[in-house]
**Student:** 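Here it is: the structure, laid out below.
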Amino acid sequence: MTPTGAEDRRPIRVQLPAPLRRLTGAESEVALEVAGAVTIDSVLEALESKYPGLKGTIRDHVTRKRRPFVRFFAGTEDLSHDPTDAPLPDAVARGSEPLVILGAIAGG
């Protein structure tokens with residue numbers, strides 16, 4: 001139980017693709033503290049706060065929409081087209097599974 005006025009913070013695991021790791025200097029998986037509901041939006045807020053170099057790389061600065069060719073996964077579930085304010089699966093919210101951010105590859 002948290003004291004009155006204290007935010008409920010949860011440790012969340014996030015896996016980053018190599019190009020984003022180069023911008024952060026982080027390992028392939030980072031741990032973040034997320035306040036309140038665990039959603040893609042709240043995780044990205046915490047990620048961009050901890051690693052300001054990521055601002056604008058995963059989502060647009062202005063519209064805050066996911067960039068093309070960036071995908072979000074929880075386990076094998078593709079969350080890329082889900083509302084970004086929807087709660088993430090329990091395993092991600094508990095920190096037992098990571099939210100995986102992938103850069104999709106296109107071409108022929």
Side-chain angles (χ1 to χ4, degrees):
M1 188 156 162
T2 58
T4 304
E7 292 185 50
D8 184 19
R9 300 184 79 74
R10 294 175 179 86
I12 304 298
R13 297 167 44 209
V14 179
Q15 284 185 356
L16 297 171
L20 295 182
R21 289 195 304 262
R22 284 193 282 276
L23 294 174
T24 64
E27 297 295 321
S28 63
E29 187 171 293
V30 298
L32 303 170
E33 292 288 324
V34 174
V38 180
T39 65
I40 290 174
D41 282 338
S42 67
V43 171
L44 292 180
E45 288 293 330
L47 187 64
E48 291 172 347
S49 177
K50 187 171 183 175
Y51 302 104
L54 292 179
K55 287 183 180 177
T57 61
I58 299 170
R59 57 186 177 172
D60 183 89
H61 283 287
V62 177
T63 66
R64 305 182 65 74
K65 292 191 184 291
R66 175 182 55 84
R67 293 264 184 208
F69 301 109
V70 172
R71 299 289 182 259
F72 305 118
F73 287 87
T76 59
E77 185 180 355
D78 185 351
L79 306 173
S80 303
H81 298 287
D82 290 1
T84 57
D85 60 351
L88 289 173
D90 287 342
V92 173
R94 286 191 316 268
S96 57
E97 294 268 339
L99 174 67
V100 178
I101 301 174
L102 289 178
I105 298 174

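No hydrogens, no waters, no symmetry mates; every other heavy atom, side chains included, goes into these values.
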**Student:** Let me confirm one number: the CG-OG1 distance from L20 to T57, rounded to the nearest 0.5 Å.
**Tutor:** 5.0 Å
**Student:** Any chance you could measure L88, atom CG, to R94, atom CZ, to the nearest 0.5 Å?
**Tutor:**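 If we round to the nearest 0.5 Å, L88:CG and R94:CZ are 12.5 Å apart.
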**Student:** If hydrophobic clusters are built from ILVMFWY residues whose side chains come within less than 4.5 Å, do I12 and L54 share one?
**Tutor:** yes
**Student:** So, taking the atom named CZ in R59 and the one named CG in L47, what distance separates them when rounded to the nearest 0.5 Å?
**Tutor:** 9.0 Å
**Student:** Can a donor-acceptor pair be found, under 3.5 Å and without considering hydrogens, that links the side chain of S42 to the backbone of A37?
**Tutor:** yes
**Student:** In terms of side-chain heavy atoms, does D41 have a donor or acceptor partner in T84 at a distance below 3.5 Å?
**Tutor:**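 There is such a pair (donor and acceptor under 3.5 Å, judged by atom type) between the side chains of D41 and T84.
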**Student:** In Å, rounded to the nearest 0.5 Å, how long is the span from CD of Q15 to CD1 of I101?
**Tutor:** 10.0 Å
**Student:** So, does R66 use its side chain to make a donor-acceptor pair with the main chain of S80 at under 3.5 Å?
**Tutor:**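 Side chain of R66 to backbone of S80, a donor-acceptor pair under 3.5 Å: yes, one is there.
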**Student:** With a 4.5 Å cut-off on side-chain heavy-atom distances among I, L, V, M, F, W and Y, is there a chain of contacts connecting I40 to V70?
**Tutor:** yes
**Student:** So, S49 side chain and A46 main chain: donor-acceptor pair closer than 3.5 Å or not?
**Tutor:**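 Absent.
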**Student:** Consider only side-chain heavy atoms of I, L, V, M, F, W and Y, link residues closer than 4.5 Å, and tell whether I58 and V100 are in one cluster.
**Tutor:** no
**Student:** Do R21 side-chain atoms and G25 backbone N/O form a donor-acceptor pair below 3.5 Å?
**Tutor:**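 Not confirmed, R21 side chain does not pair with G25 backbone.
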**Student:** Give me the one residue out of V43, L44, V14 that meets side chain to side chain contact (heavy atoms under 4.5 Å, CB included) with F72.
**Tutor:**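 Only one of V43, L44, V14 forms a side chain to side chain contact (heavy atoms under 4.5 Å, CB included) with F72, namely L44.
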**Student:** Atom CD in E48, atom CG in L32: separation rounded to 0.5 Å?
**Tutor:** 11.0 Å
**Student:** Looking at R13 and G95, would you say the former's side chain and the latter's main chain have a donor-acceptor pair under 3.5 Å?
**Tutor:** yes
**Student:** Using every non-hydrogen atom in the two residues, find where L79 and A74 come nearest and quote the distance to one decimal.
**Tutor:**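 That would be CD1-CB, 3.7 Å.
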**Student:** Could you walk me through whether V30 and Y51 satisfy the side chain to side chain contact (heavy atoms under 4.5 Å, CB included) test, starting with their C-alpha distance in whole Å, then the side-chain angles of each, then the deciding distance to 0.1 Å, before giving a yes or no?
**Tutor:** CA-CA 10 Å; V30 298; Y51 302 104; 3.5 Å; yes
**Student:** Distance-only, no hydrogens or angles: does the S96 side chain make a donor-acceptor pair with backbone N or O of A91 under 3.5 Å?
**Tutor:** yes
**Student:** Is the backbone of A31 close enough, under 3.5 Å, to the side chain of K50 for a donor and an acceptor to pair up by distance?
**Tutor:**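 Confirmed, K50 side chain pairs with A31 backbone.
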**Student:** Sub-3.5 Å donor-acceptor pair from the side chain of R67 to the main-chain atoms of G56, do we have one?
**Tutor:**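 Looks like yes, one N/O pair under 3.5 Å.
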